[in-house]
Amino acid sequence: MIRLVLTLLASLCLALPAAAERLISGLSTETVQITSGFDGERLTFYGTVAPDAGAEQRFVEGPFHVVVVVLGPTQDRVARKKTNNFGIWLNTEQVEFKRFPSYFHVLSSARLRDITDVNTLTTNYILPEAHAISPNPAGWWQTLTFGRELIRLMSEQGLFGVQENGVQFLSEGFYQAQLTLPSNAPPGPYIAQTYVFKNGEIIARKSDGFAVRKIDFERFLALSATQYPLLYGLACVVLALFTGWLGGVVFRR
């Protein structure tokens, strides 16, 4: 009899529709243009948590938490340590980080450690420190130490940051977040990775991309410096010599 009851209960659980949610997200612009007067730009990220396509449920049940991770183009970076040797500061140690984010900012609807556990935050690269513990030939401790210092320096430049309570829910399933890109934001492709949490678990995620591009004369200079470095260097030398000669002529008069 007990076995029959358990079998009926199991069948009933399998017959019930599983609650599933999906994320519908977007952002205010797909292209940020850098000109000579660029001093930063504010971006808006928004979205809603809705029932999964084909699900029988018509409404979603929270509470939910949302985390938006904005990643800039990756670069190879070197963190160096200077030591004072007989009054002379020298670079004595260094650690190279491959494919390190040139920009990293996190927006969340609450404190990250109140949303989920540290292991989930680290494995999904939501915490800034997660980028400082990637496998590296320098060793775990050396990588962590230099990585934290690199993150600290980039945070002082406005290139790394965490803004807890930066995501606002306007209703149970609709959210909005705003982020101001600094004037020194590196050009290139960016990704906004959005995570939806419920009871500490990731139940939905979605990526939205945008680009930061230099235009007009700034784009010409950037392309010249990267594609034709020799000609660019010679042009800078000629321009410097001409400017110096012109200044001498003007002040002589």
Side-chain angles (χ1 to χ4, degrees), residues 27 30-32 34 40-41 43 45 67-83 89-108 112-113 116-164 166 179-195 202 205-214 218-219 221-230 232-233:
L27 47 89
E30 294 182 355
T31 304
V32 177
I34 298 179
E41 182 164 337
L43 300 175
F45 306 91
V67 177
V68 181
V69 180
V70 182
L71 279 167
T74 57
Q75 301 172 342
D76 293 343
R77 287 184 172 263
V78 178
R80 295 182 174 90
K81 179 181 179 180
K82 289 186 176 182
T83 56
W89 289 95
L90 299 174
N91 294 323
T92 54
E93 296 180 73
Q94 69 177 39
V95 175
E96 183 178 7
F97 294 87
K98 296 287 188 179
R99 300 182 60 81
F100 197 81
S102 60
Y103 183 86
F104 180 89
H105 206 98
V106 180
L107 303 165
S108 62
L112 292 175
R113 286 171 174 79
T116 187
D117 58 87
V118 176
N119 183 57
T120 301
L121 295 172
T122 303
T123 54
N124 288 279
Y125 290 91
I126 296 175
L127 288 176
E129 292 80 6
H131 296 278
I133 57 176
S134 299
N136 194 299
W140 181 84
W141 179 251
Q142 194 87 333
T143 301
L144 178 62
T145 303
F146 279 72
R148 284 179 172 175
E149 286 302 306
L150 178 58
I151 291 173
R152 179 184 65 80
L153 293 174
M154 295 183 70
S155 298
E156 293 176 355
Q157 299 171 8
L159 299 176
F160 263 66
V162 176
Q163 188 177 341
E164 296 177 321
L179 172 67
T180 300
L181 281 179
S183 58
N184 60 339
Y190 284 66
I191 294 178
Q193 181 77 48
T194 304
Y195 301 87
I202 298 176
R205 68 179 77 195
K206 188 172 179 291
S207 297
D208 295 286
F210 65 96
V212 177
R213 296 176 180 171
K214 293 182 178 181
E218 286 74 18
R219 182 174 183 272
L221 287 180
L223 290 177
S224 300
T226 54
Q227 297 182 2
Y228 309 103
L230 179 60
Y232 178 79

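In this chain, numbering begins with 1 at the start of the sequence shown. Just so we're clear, the structure is a prediction, and the values are computed from it rather than from any experiment.
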Notebook entry, point to check: Do we see a donor-acceptor contact under 3.5 Å between the side chains of E164 and S108?
Noted result: no
Check: Would one find more than 12 heavy atoms of other residues, nucleotides or ligands at under 6.0 Å from atom CZ of R77?
Finding: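 Buried by this count: over 12 neighbours within 6.0 Å.
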Margin query: Heavy-atom count check: over 12 atoms from other residues, nucleotides or ligands less than 6.0 Å from I191 CD1?
Written below: no
Item checked: Minimum heavy-atom distance between P128 and V162, given as atom pair plus value -> CG-CG2, 3.5 Å
Notebook entry, point to check: In Å, rounded to the nearest 0.5 Å, how long is the span from NZ of K206 to CD of Q193?
Noted result: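 Going from NZ on K206 over to CD on Q193, the span is 10.0 Å.
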Is it true that a side-chain atom of [X] and a backbone atom of [Y] form a donor plus acceptor pair closer than 3.5 Å?
X: D76; Y: K98; value: no
X: D208; Y: L27; value: no
X: Q163; Y: H105; value: no
X: N124; Y: I126; value: no

Margin query: The test is side-chain contact (heavy atoms from CB on, under 4.5 Å); show your working for F104 and L159 and say whether it passes.
Written below: CA-CA 6 Å; F104 180 89; L159 299 176; over 6 Å; no
Would you call [X] and [Y] a side-chain contact if the rule is heavy atoms closer than 4.5 Å?
X: Q142; Y: E93; result: yes
X: P73; Y: V212; result: no
X: Y125; Y: V69; result: no
X: R152; Y: E156; result: yes
X: P187; Y: R213; result: no
X: F97; Y: F146; result: yes
X: V32; Y: L43; result: yes
X: Y103; Y: L181; result: yes

Notebook entry, point to check: With under 30° as parallel and over 60° as perpendicular, where do the rings of F210 and Y190 fit, or are they tilted in between?
Noted result: parallel
Margin query: Using 30° and 60° as the class boundaries, would you call the ring planes of F160 and H131 parallel, tilted or perpendicular?
Written below: perpendicular
Item checked: Sole candidate of E149, E96, Q94 that passes side chain to side chain donor-acceptor pair (under 3.5 Å) when paired with R80 ->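 Option passing the side chain to side chain donor-acceptor pair (under 3.5 Å) with R80: Q94.
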Next item on the list: Might you work through the side-chain contact (heavy atoms from CB on, under 4.5 Å) test for V67 and R205, ending with a clear yes or no?
Entry: CA-CA 9 Å; V67 177; R205 68 179 77 195; over 6 Å; no
Next item on the list: Verify side-chain contact (heavy atoms from CB on, under 4.5 Å) between L150 and V95, making sure each step is shown before the conclusion.
Entry: CA-CA 10 Å; L150 178 58; V95 175; over 6 Å; no
